[in-house]
Amino acid sequence: MNQRDEQILKIAVPAIVTNITVPLLGLVDTAIVGHMGDATYIGAIAVGSMVFNLVYWVFGFLRMGTSGLTAQARGRRDRQEMRSLLVRSLTVAMTIAALMLVFQWPLRELMLWLIGPTDDVRPLAVTYYNIVVWGAPAILNLYGLTGWFIGMQNTRLPMVISISQNVVNIVASLTLVYGLGMKVEGVAWGTVVAQYAGLLMAVTMVRRYYFRREGVRREGGNATLSKRETSMFSFLRVNSDIFLRTLCLVAVNLYFTSAGARQGATILAVNALLMQLYLLFSYFLDGFAYAGEALGGRFWGAGNMQAFREVVGRLFVWGAAMTVVFTTLYVVGGMPFLRLLTDEETVVLAAREYVWWAWLIPVAGVAAFVWDGIFIGITQTRGMLLSAALASVVFLAGVTWLMPLMGNHGLWLSMVLYLAVRGAVQSGIFWKNVKM
């Protein structure tokens, strides 16, 4: 294993662990309310979690925009800019969080209108939302801090924070629900406590490992490059590109779910199960994308094009290896895995007809995932936006023309084309515009 592989794995492996543990926060809440004796509690947590997952996904630019710019500043050894980027990210995060709290009622009503919970679930979902929305400052600041950690080449700290959050969430929720007799309120407050515990830990780690030990407070670096590349204007431009790109991704995923729902409960369930295979692959590839953000941005900022080329090449080698592994796993174990997720025989039988689409996901999506990390690292965010927009148009056109002819197969073909187009467009943009 060469030096670049070691650098990549040092960042990718903790990031993968973090990605896998993040969904546990929602699973813990669901497991606790699942033993309360009423299905409406499960529905309320599901709806409430979906609301915040969608909202926070849109604001994921706080992490991505911060990581690439920070990695470049670190590559230039610009200590002043490293500190400034953290301040900018947290300032934007607090501004958005404040707006969420001020406009929490219209946001709640809009999201519940979009999701459309039943009358018995809605009041409990409202209760959950009204409490968890106060965790917005913690979550959004954690996005900025996580991006900053990645830019500083450290994914171990976000992993420790994520695992600790899960432990705090379990203890707090169990104590409030079973110790104090609370129900949905207890689960909601347990989530908020875990979110602020994660934020407190992240701030403590910044002060301990960076501001004191590495002297990030000291002046230094190339001020001309700093002003040209990472001014507040540049910071907002990068984040606006990622924000619009994320809206494209959210629109595609929502439309995919909606198109499946229109085909009936069985097809909706099948698609939801198969999307778990997509998510599992994405958790692993995102780890290597984080390595692209951190290492690609660092070497790009340092002007070390030889190291940058090596990182790009090795990332695609690792991407190809993951593609082979996951394609093989899905071909051999796809159906057994689906049986672990459900024992509903009608859903399992229906899934047999569509499971082979999941086999194509790694091949179709690998380039998009790897390029996303590299593009974030070198702040080629306009290219990310363009690729996502074009791919979204292809997806919508595919759904419009293919679903009437092929049914759910047409929907999955549109999704596979969407992933492939994202990767293909980014490849063209990279080789045309990026000078190595």
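Because the structure is a prediction, the values reported are computed rather than measured.
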Please test Thr381 against Phe375 for side chain to side chain contact (heavy atoms under 4.5 Å, CB included), starting from the C-alpha separation and ending with a verdict. CA-CA 6 Å; Thr381 51; Phe375 274 40; over 6 Å; no
Go through the steps to decide whether Arg4 and Leu315 satisfy the test side chain to side chain contact (heavy atoms under 4.5 Å, CB included), and finish with yes or no. CA-CA 9 Å; Arg4 300 298 172 227; Leu315 282 172; over 6 Å; no
How far apart are the C-alpha atoms of Asp372 and Arg422, what are their side-chain angles, what is the distance that settles it, and do they pass the side chain to side chain contact (heavy atoms under 4.5 Å, CB included) test? CA-CA 9 Å; Asp372 277 351; Arg422 275 178 56 195; 2.7 Å; yes
Steps toward side chain to side chain contact (heavy atoms under 4.5 Å, CB included) verdict (Tyr290, Asn19): CA-CA 11 Å; Tyr290 287 2; Asn19 289 341; 3.7 Å; yes
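Dense packing is recorded around CZ of Arg108, with more than 12 heavy atoms of other residues, nucleotides or ligands lying under 6.0 Å away.
If you run side chain to side chain contact (heavy atoms under 4.5 Å, CB included) between Ser164 and each of Ile161, Asn166, Val167, Val160, only Val160 comes through. Among the candidates Leu145, Thr146, Asn141, Ile139, the single residue satisfying the side chain to side chain contact (heavy atoms under 4.5 Å, CB included) test with Tyr143 is Ile139. Put simply, the residue from Phe59, Trp57, Tyr129 that forms a ring pair (Phe, Tyr, Trp, His ring centres under 6.0 Å) with Phe52 is Tyr129.
Within the model, atoms CE of Met322 and CZ of Phe281 stand 9.0 Å from one another, a figure rounded to the nearest 0.5 Å. Taken from CD in Gln276 to OG in Ser282, the straight-line distance is 9.5 Å, to the nearest 0.5 Å. Annotation: the span from Ile11 atom CD1 to Thr155 atom OG1 amounts to 6.0 Å, rounded to 0.5 Å. To the nearest 0.5 Å, atoms CZ (Phe61) and CZ (Arg245) are separated by 13.0 Å. Considering CG of Leu385 and CD of Gln380, their distance stands at 11.0 Å, rounded to 0.5 Å. If you take OG1 on Thr66 and CH2 on Trp148, they are separated by 11.0 Å, rounding to the nearest 0.5 Å.
The existence of a salt bridge linking Asp241 and Arg237 is confirmed by a sub-4.0 Å separation between a basic side-chain nitrogen and an acidic carboxylate oxygen. Taking 4.0 Å as the cut-off between side-chain N and carboxylate O, Asp5 and Lys10 do not count as a salt-bridged pair. Residues Glu293 and Arg298 are not paired through a salt bridge, judged by the lack of any N-O separation under 4.0 Å between the basic side chain and the carboxylate. The pair Glu6-Arg314 fails the salt-bridge criterion, with no side-chain N (NZ, NE, NH1 or NH2) lying under 4.0 Å from an Asp/Glu carboxylate O.
Using a distance-only test at 3.5 Å, with no hydrogens or angles considered, a donor-acceptor pair links the side chain of Thr21 to the main chain of Thr18. A distance-only check finds no donor-acceptor pair linking the side chain of Ser67 to the backbone of Gly147 [under 3.5 Å]. Judged purely by atom type and a 3.5 angstrom limit, Asn304 uses its side chain to pair as donor or acceptor with the backbone of Ala307. Within the 3.5 Å criterion, the main-chain N or O of Ala388 finds a donor-acceptor partner in the side chain of Ser392. Under a 3.5 Å cut-off, the side chain of Thr257 and the backbone N or O of Asn253 do form a donor-acceptor pair. Between the side chain of Ser173 and the backbone N or O of Ile170, no donor-acceptor pair lies under 3.5 Å. The main-chain N or O of Arg74 is never found under 3.5 Å from a side-chain atom of Asp78 such that the two would form a donor-acceptor pair. No donor-acceptor pair under 3.5 Å is formed between the side chain of Asn169 and the backbone N or O of Gln165. For the pair Asn154 (side chain) and Ile150 (backbone), a donor-acceptor distance under 3.5 Å is absent. Formation of a donor-acceptor pair under 3.5 Å by the Thr95 side chain with backbone atoms of Thr91 is found in this model.
Residues Leu402 and Gly410 share a closest heavy-atom pair of CB-CA, 3.9 Å. Closest approach of Val355 and Arg352 over heavy atoms only: CG1-O, 3.8 Å. Counting all heavy atoms, side chain and backbone alike, Val421 lies closest to Ala391 at CG1-CA, 3.8 Å. The two residues Leu199 and Pro137 come nearest to each other via the heavy atoms CD2-O, 4.5 Å. Pairing each heavy atom of Ser89 with each of Gly144, the nearest pair is OG-CA, 3.1 Å. Closest heavy-atom contact between Cys248 and Ala389: SG-CA, 4.0 Å.
In this structure the side chain of Phe308 reaches within 4.5 angstrom of the side chain of Ile378, judged on heavy atoms. Between Tyr56 and Met100, the closest side-chain pair of non-hydrogen atoms falls below 4.5 Å. Side-chain atoms of Val399 and Leu411, non-hydrogen and from C-beta on, do get closer than 4.5 Å to each other. You'll find the side chain of Trp300 reaches within 4.5 Å of the side chain of Met305, heavy atoms only. Between Leu86 and Tyr210 the shortest side-chain heavy-atom distance does not fall below 4.5 Å.
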Output a table of donor-acceptor pairs, distance under 3.5 Å, between side-chain atoms of residues 267-274 and any protein atom two or more places apart or on a different chain; print 'none' if there are none.
| unit_1 | atom_1 | unit_2 | atom_2 | d |
| --- | --- | --- | --- | --- |
| Asn271 | OD1 | Asn408 | ND2 | 3.0 |
| Asn271 | OD1 | Trp412 | NE1 | 2.8 |
| Asn271 | ND2 | Asn408 | OD1 | 3.1 |

Expected list for residues 323-330: side-chain donor-acceptor pairs under 3.5 angstrom, two or more places apart:
| unit_1 | atom_1 | unit_2 | atom_2 | d |
| --- | --- | --- | --- | --- |
| Thr323 | OG1 | Gly319 | O | 2.8 |
| Thr327 | OG1 | Thr323 | O | 2.7 |
| Thr328 | OG1 | Val324 | O | 2.8 |
| Tyr330 | OH | Leu277 | O | 2.5 |

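Using a 30° and 60° split on the angle between ring planes, Phe395 and Tyr255 fall in the perpendicular class, above 60°. Between Phe430 and Trp371, the ring-plane angle classifies as tilted under the 30° and 60° cut-offs.
Looking only at atom types and distance, the side chain of Arg309 has a donor-acceptor partner in the side chain of Gln306 under 3.5 Å away. Under the 3.5 Å distance criterion, with hydrogens and angles disregarded, no donor-acceptor pair is assigned to the side chains of Thr127 and Glu185.
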